[in-house]
*Asks:* 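My structure is below; once you've seen it, I'll send some questions.
The chain is numbered in sequence order, starting from 1.
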Amino acid sequence: QAQLVESGGGLVQPGGSLRLSCAASGFTLDYYAIGWFRQAPGKEREGVSCISSDDGTYYADSVKGRFTISRDNAKKKVYLQMNNLKPEDTGNYYCVAGELYRLCVLKKIDENRDYWGQGTQVTVSP
């Protein structure tokens, strides 16, 4: 019964901020890398950010300097702080637990091995 549940999305104006949360249950989070991905209609799925088991971080060029990823293994949660949001940040954001190199460097999800949730919607509009 491994499960990931995302929360914290919403409707914000350009320049606004949101903090997304990813809550894990049914498995030990400590040794997994966790990635945040986003999907919008008409656009490819994009790897936004990633964090390793020892807190190494990765960011897409489009969000560097604006987004910050962090984790709290004791609470079994991962966070994505999003500042200075832009309309192009709009999409469904979901978290994925998997292997570091594939998830954070290759930015590829293995549906047979990784855990992921249903996502939380982020809409950035004037």
Side-chain angles (χ1 to χ4, degrees):
Q1 54 181 5
Q3 187 176 9
L4 292 172
V5 179
E6 301 90 343
S7 62
L11 174 63
V12 297
Q13 294 182 326
S17 298
L18 287 172
R19 191 192 193 202
L20 307 185
S21 296
C22 171
S25 62
F27 70 102
T28 301
L29 186 65
D30 303 45
Y31 299 113
Y32 287 84
I34 306 296
W36 283 97
F37 291 75
R38 65 188 180 192
Q39 179 74 63
K43 299 176 65 178
E44 288 189 340
R45 182 176 62 200
E46 180 183 13
V48 176
S49 186
C50 210
I51 186 166
S52 69
S53 60
D54 61 351
D55 292 340
T57 57
Y58 304 77
Y59 298 95
D61 289 341
S62 60
V63 307
K64 285 182 178 178
R66 300 188 297 119
F67 291 10
T68 303
I69 191 170
S70 61
R71 67 190 296 160
D72 186 337
N73 291 332
K75 295 182 178 180
K76 303 189 72 172
K77 290 185 176 180
V78 179
Y79 307 98
L80 185 67
Q81 178 67 46
M82 306 186 296
N83 298 325
N84 192 25
L85 284 161
K86 303 176 180 180
E88 51 264 42
D89 294 319
T90 294
N92 186 53
Y93 285 68
Y94 53 95
C95 55
V96 183
E99 187 272 324
L100 170 64
Y101 185 76
R102 187 189 72 253
L103 196 62
C104 298
V105 180
L106 299 180
K107 300 180 181 180
K108 294 182 177 180
I109 297 172
D110 186 338
E111 296 180 354
N112 295 316
R113 303 192 67 181
D114 299 337
Y115 302 131
W116 58 348
Q118 298 304 303
T120 183
Q121 180 67 33
V122 173
T123 302
V124 185
S125 180

*Asks:* For the residue pair Leu100 and Ala33, what are the closest heavy atoms and their distance?
*Replies:*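 Between these two residues, the closest heavy atoms are CA-CB, 3.7 Å.
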*Asks:* Give the C-alpha distance, both sets of side-chain angles, the deciding distance and a yes or no for side chain to side chain donor-acceptor pair (under 3.5 Å) between Ser62 and Glu88.
*Replies:* CA-CA 10 Å; Ser62 60; Glu88 51 264 42; over 6 Å; no
*Asks:* Taking Arg71 for its side chain and Leu29 for its backbone only, find out whether a donor-acceptor pair lies under 3.5 Å.
*Replies:*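 Looks like yes, one N/O pair under 3.5 Å.
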*Asks:* For Val122 and Thr90: C-alpha separation, side-chain torsions, deciding distance, then whether side-chain contact (heavy atoms from CB on, under 4.5 Å) applies.
*Replies:* CA-CA 5 Å; Val122 173; Thr90 294; 5.8 Å; no
*Asks:* Among the clusters formed by ILVMFWY side chains lying less than 4.5 Å apart, do Val96 and Leu20 turn up in the same one?
*Replies:* no
*Asks:* Return the set of residues passing ring pair (Phe, Tyr, Trp, His ring centres under 6.0 Å) with Phe37 (not counting sequence neighbours), or none when no residue passes.
*Replies:* none
*Asks:* So, the side chain of Thr120 versus the backbone of Gly9: is there a donor-acceptor pair under 3.5 Å, distance only?
*Replies:*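 Confirmed, Thr120 side chain pairs with Gly9 backbone.
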*Asks:* Spell out, as yes or no, whether a donor-acceptor pair under 3.5 Å connects the side chain of Asn73 to the backbone of Lys76.
*Replies:*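 Flag not set: sc Asn73 to bb Lys76 has no pair under 3.5 Å.
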*Asks:* Suppose we screen for ring pair (Phe, Tyr, Trp, His ring centres under 6.0 Å). Which residues come up paired with Tyr101, at least two apart in sequence or across chains?
*Replies:* none
*Asks:* In terms of hydrophobic clustering (I, L, V, M, F, W, Y; side-chain heavy atoms under 4.5 Å; direct or indirect links), are Phe27 and Leu103 co-clustered?
*Replies:* no
*Asks:* With side-chain contact (heavy atoms from CB on, under 4.5 Å) as the criterion, how do Trp36 and Val78 come out once you've worked through the C-alpha distance, each side chain's angles and the decisive distance to 0.1 Å?
*Replies:* CA-CA 9 Å; Trp36 283 97; Val78 179; 3.8 Å; yes
*Asks:* Hey, could you give me each pair passing disulfide bond (SG atoms under 2.5 Å apart) that has a residue in residues 43-78? Not counting sequence neighbours.
*Replies:*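 Applying disulfide bond (SG atoms under 2.5 Å apart) to every pair that reaches into residues 43-78, excluding sequence neighbours, yields Cys50-Cys104.
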*Asks:* Scan for salt bridge (Lys or Arg N to Asp or Glu O under 4.0 Å) pairs involving residues 89-105, sequence neighbours excluded, and state none if there are none.
*Replies:*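 Found Arg38-Asp89, Arg66-Asp89, Arg102-Asp114.
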*Asks:* Please list, chain by chain and in numerical order, all residues satisfying side chain to side chain donor-acceptor pair (under 3.5 Å) with Ser17, sequence neighbours excluded.
*Replies:* Asn83
*Asks:* Any donor-acceptor pair under 3.5 Å linking the side chain of Tyr93 with the backbone of Gly8?
*Replies:* no
*Asks:* Hey, can you tell me if Tyr115 and Tyr32 have their rings parallel, tilted or perpendicular (30° and 60° cut-offs)?
*Replies:*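 Plane angle between 30° and 60°, so tilted.
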*Asks:* Donor-acceptor check, side chain of Glu6 to backbone of Cys95, threshold 3.5 angstrom: yes or no?
*Replies:*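 The answer is yes, because a donor-acceptor pair under 3.5 Å joins these two groups.
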*Asks:* In the single-linkage hydrophobic clustering (I, L, V, M, F, W, Y; side-chain heavy atoms under 4.5 Å), do Ile51 and Val48 co-cluster?
*Replies:*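 In one cluster: yes.
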*Asks:* At what distance, to the nearest 0.5 angstrom, does CD1 of Ile69 lie from SG of Cys22?
*Replies:* 9.0 Å
*Asks:* Would you say Ile34 and Trp116 are hydrophobically clustered, going by side-chain heavy atoms of ILVMFWY under 4.5 Å?
*Replies:* no
*Asks:* In this structure, would Met82 and Tyr94 fall into the same cluster of hydrophobic residues linked by side-chain contacts under 4.5 Å?
*Replies:* no
*Asks:* If you compare all heavy atoms of Ala24 against all heavy atoms of Leu4, which two are closest, and at what distance to 0.1 Å?
*Replies:*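 Shortest heavy-atom separation between Ala24 and Leu4 comes out as CB-CD2, 3.5 Å.
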*Asks:* So does Lys77 get a backbone contact from the side chain of Asp72, meaning a donor-acceptor N/O pair under 3.5 Å?
*Replies:* no
*Asks:* Any pair with a residue in residues 18-34 that passes salt bridge (Lys or Arg N to Asp or Glu O under 4.0 Å), sequence neighbours left out, goes on the list, sorted by first then second residue, please.
*Replies:* none
*Asks:* Nearest 0.5 angstrom please: Leu18 CG to Phe67 CZ, how far?
*Replies:*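 It is 9.0 Å, given to the nearest 0.5 Å.
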*Asks:* Is there a side-chain contact between Pro87 and Ser125 (heavy atoms, below 4.5 Å)?
*Replies:* no
*Asks:* Take a 6.0 Å sphere around NZ of Lys108 and say whether it holds more than 12 heavy atoms from other residues, nucleotides or ligands.
*Replies:* no
*Asks:* For Tyr58, is there any backbone N or O sitting under 3.5 Å from a side-chain donor or acceptor partner on Ser49?
*Replies:*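 Yes, because the side chain of Ser49 sits within donor-acceptor range (under 3.5 Å) of the backbone of Tyr58.
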